[in-house]
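In each ligand, atom 1 is the first atom listed, and ligand 1 is the first ligand listed.
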Amino acid sequence: MKTSVLPVDARRIGRLTAVPRPNDLLDDLEVQLSTDSQDAEYLCLAAERLRSSDIPVAFPTETVYGLGADATRSSAVKGIYKAKQRPSDNPLIVHFGSLQQLRALLSSKPFADTQVNGHAENLDTDPIPEIYRPLIAKFWPGPLTIILPNPKNSPLAPEVTAGLSTFGARMPKHALALALIKLANVPIAAPSANASTKPSPTAAEHVAYDLGGRIETIIDGGPCDVGMESTVVDGLSNPPLILRPGGISIEQLRTCPGWEKTEIGYKNVAELGSQPRAPGMKYRHYSPKAPVVLFETGTPPPSADELSKFVESNGRIGFVRTKTWIFNFADHGRPVSRIVAKSDKSITSEHVRSDLNGFACLVEALNSDRYPTNNVEKFSLSLSGSQVQVIDIALGTDIADIARGTFAALRELDKQNVSTIVVEGIDDAEGGTAAAVMNRLRKAAEIQISS
Ligand code: TXA
Ligand code: MG
């Protein structure tokens with residue numbers, strides 16, 4: 001199968017107009033496409049394929065790229081599981097382009113009716129459960145998925161819910177995603193567009209790398225802004241639960257009426273302790289080929305001796321650095337076999353890339369045919385007497401930059417064929433995004449080291 005990567009610039013598709021009404025952020029969306037724009041043509045082609053084909057379409061959202069299919073057609077939804085090789089007991093998130101579309105599904109009316117008459121509905125008969133209304137008002141469109149009861153006679157294909165009586169719904173905050181859903185005129189089931197077990201894709205090239213030859217269409221809207229998947233919440237349980245951490249934090253949720261007592265309902269893998277686990281013994285998720293060794297925040301960085309244990313025969317080791325680690329080349333420009341945790345920014349050398357611009361550089365590096373790969377530093381280090389090739393990525397010190405760059409860094413180091421990836425963790429108490437980053441890294445890690 002030939003895979004086309006279609007570049008679409010959201011600024012060139014035409015005009016998007018939100019149609020609001022009281023208490024709603026995005027009741028409906030009007031899309032007026034430009035008539036002479038390649039970008040608009042590509043978007044229409046993708047929408048047409050979503051409507052008629054059983055091969056899923058990859059598209060950008062603000063969190064990660066999604067692999068979309070018409071959520072109402074079984075054969076299309078099966079295409080997602082097939083392309084990703086995802087186990088079919090893992091339910092999918094359904095993406096909506098407007099509240100009208102969500103209400104139509106919850107009231108199980110034919111979509112065509114509400115497209116015409118939607119404005120006539122009034123809030124008293126709103127089929128959206130009350131508990132979710134403050135969340136929707138505050139966080140939609142945005143990186144928040146809510147668990148809703150799947151109505152009787154639901155038009156959702158049974159493959160979407162994997163046998164559950166509920167479904168996850170989200171309205172993405174991305175112009176291309178919203179316009180695409182509106183043009184397709186059906187809710188779109190979409191998991192992250194990576195091959196199952198791999199890190200989530202935050203750029204079109206990641207999707208092409210994993211799914212090239214398995215799907216026909218990838219809309220390339222540039223790198224994703226958030227870089228971590230949405231927060232998943234269940235307001236049907238009491239107290240409400242966070243099922244997956246994401247950009248919206250527990251503190252933010254607790255400010256909403258009915259959500260004051262929100263609890264964490266996901267397992268924090270770190271609570272299992274610092275016991276190194278044998279590679280390959282865990283259920284893999286977000287995992288590059290090379291084993292990930294995660295240093296929890298506050299743990300001293302590895303000594304030369306410790307590091308040399310992680311280096312296998314090919315002598316290549318990858319680093320993902322975040323807040324405090326730097327390579328200390330203070331010894332007259334010659335690398336020394338030591339990594340020091342330093343918040344003192346005055347220790348620098350020409351070998352140490354500035355942390356400030358971590359993400360911008362990373363994106364440039366990953367688009368390597370368009371840009372020089374100047375942010376992926378390579379140098380050799382003498383570890384316990386042998387020379388080791390280091391591939392080093394600094395994500396920057398800002399949490400948003402770290403979230404944006406984490407999955408891309410894991411993927412880049414895989415391409416560089418390192419035998420181990422050493423990651424400097426961050427403090428997950430710093431907020432929702434930090435919790436999301438550490439949740440994914442702990443799942444990716446073969447070994448977690450904490451003090
Ligand atoms: O940011 C995102 O959410 C991305 C983009 C593409 O929107 N999508 C995404 O989808 O991450 P996926 O399929 O990779 O993750 C779906 C998550 C899983 O953790 C799944 O278990 C949970 O949502 N989920 C879906 N439906 C559920 C349900 N009915 N009950 C509980 N959890 C559900
Ligand atoms: Mg996923």
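When only modelled atom types and interatomic distance are considered, T61 and K173 share no side-chain donor-acceptor pair under 3.5 Å. For the residue pair S230 / T145, a side-chain donor-acceptor distance below 3.5 Å is found, with atom types taken as modelled. Checking R170 against T63 by side-chain atom types alone, a donor-acceptor pair falls below 3.5 Å. Between E424 and T324, the side chains place a donor N or O and an acceptor N or O closer than 3.5 Å (distance only, hydrogens not considered). Of the N and O atoms on the side chains of R49 and T217, at least one donor lies less than 3.5 Å from an acceptor on the other residue. Checking E48 against S52 by side-chain atom types alone, a donor-acceptor pair falls below 3.5 Å. Judged by distance alone, the side chains of S196 and Q85 never bring a donor and an acceptor atom under 3.5 Å apart.
Protein heavy atoms are found less than 4.0 angstrom from atom 28 (C) of ligand 1.
Residue G168 approaches ligand 1 through these ligand atoms, each under 4.0 Å from one of its heavy atoms: 26 (N). Shown in contact with R86 at under 4.0 Å from a heavy atom are these atoms of ligand 1, numbered in order with element: 12 (P), 13 (O), 14 (O). Close contacts of ligand 1 with L164, meaning ligand atoms under 4.0 Å from a residue heavy atom, involve 28 (C), 29 (N), 30 (N).
Summary of contacts: the protein heavy atom closest to atom 32 (N) of ligand 1 is I147 CD1, 3.8 Å. Ranking the protein heavy atoms by distance from atom 8 (N) of ligand 1 puts A190 O, 3.8 Å first. Residue, atom and distance of the protein heavy atom nearest to atom 24 (N) of ligand 1 are P91 CG, 3.9 Å. Considering only non-hydrogen protein atoms, atom 7 (O) of ligand 1 sits nearest to H95 NE2, 2.6 Å. In this structure, the protein non-hydrogen atom closest to atom 12 (P) of ligand 1 is P191 CA, 3.7 Å. Of the protein's non-hydrogen atoms, the one nearest atom 5 (C) of ligand 1 is T63 OG1, 3.5 Å.
Partner of D54 under the side chain to side chain contact (heavy atoms under 4.5 Å, CB included) criterion, chosen from R73, K78, K82: R73.
Here atom 19 (O) of ligand 1 lies nearest to R244 when heavy atoms of R244, E229, M228, E62 are compared. Scanning G66, G265, S165 for the heavy atom closest to atom 6 (C) of ligand 1 points to G66.
Ligand 1 has no nitrogen or oxygen under 3.5 angstrom from a nitrogen or oxygen of T61. The N/O atoms of T166, backbone and side chain alike, include one that comes under 3.5 Å of an N/O atom in ligand 1. Taking any N or O of S230, backbone or side chain, at least one lies under 3.5 Å from an N or O belonging to ligand 1.
Using a 4.0 Å cutoff on heavy atoms, P172 does not count as a contact of ligand 1. Under a 4.0 angstrom heavy-atom cut-off, N90 registers as being in contact with ligand 1. No heavy atom of P143 sits closer than 4.0 Å to any atom of ligand 1.
In summary, S200 places no N/O/S atom under 2.8 Å from the Mg ion (ligand 2), failing the contact criterion.
Ring-centre distance between W325 and F295: below the 6.0 Å cut-off. Residues F407 and Y286 bring their aromatic ring centres within 6.0 Å.
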For side chain to side chain contact (heavy atoms under 4.5 Å, CB included), just list the numbers for V19 and L26, CA-CA rounded to whole Å, side-chain angles, deciding distance to a tenth of an Å, and then say yes or no.
CA-CA 6 Å; V19 183; L26 189 54; over 6 Å; no
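At a threshold of 4.5 Å between non-hydrogen side-chain atoms, the residues L92 and R86 count as touching.
The part of L243 lying near ligand 1 is the side chain, judged by heavy-atom distances below 4.0 Å.
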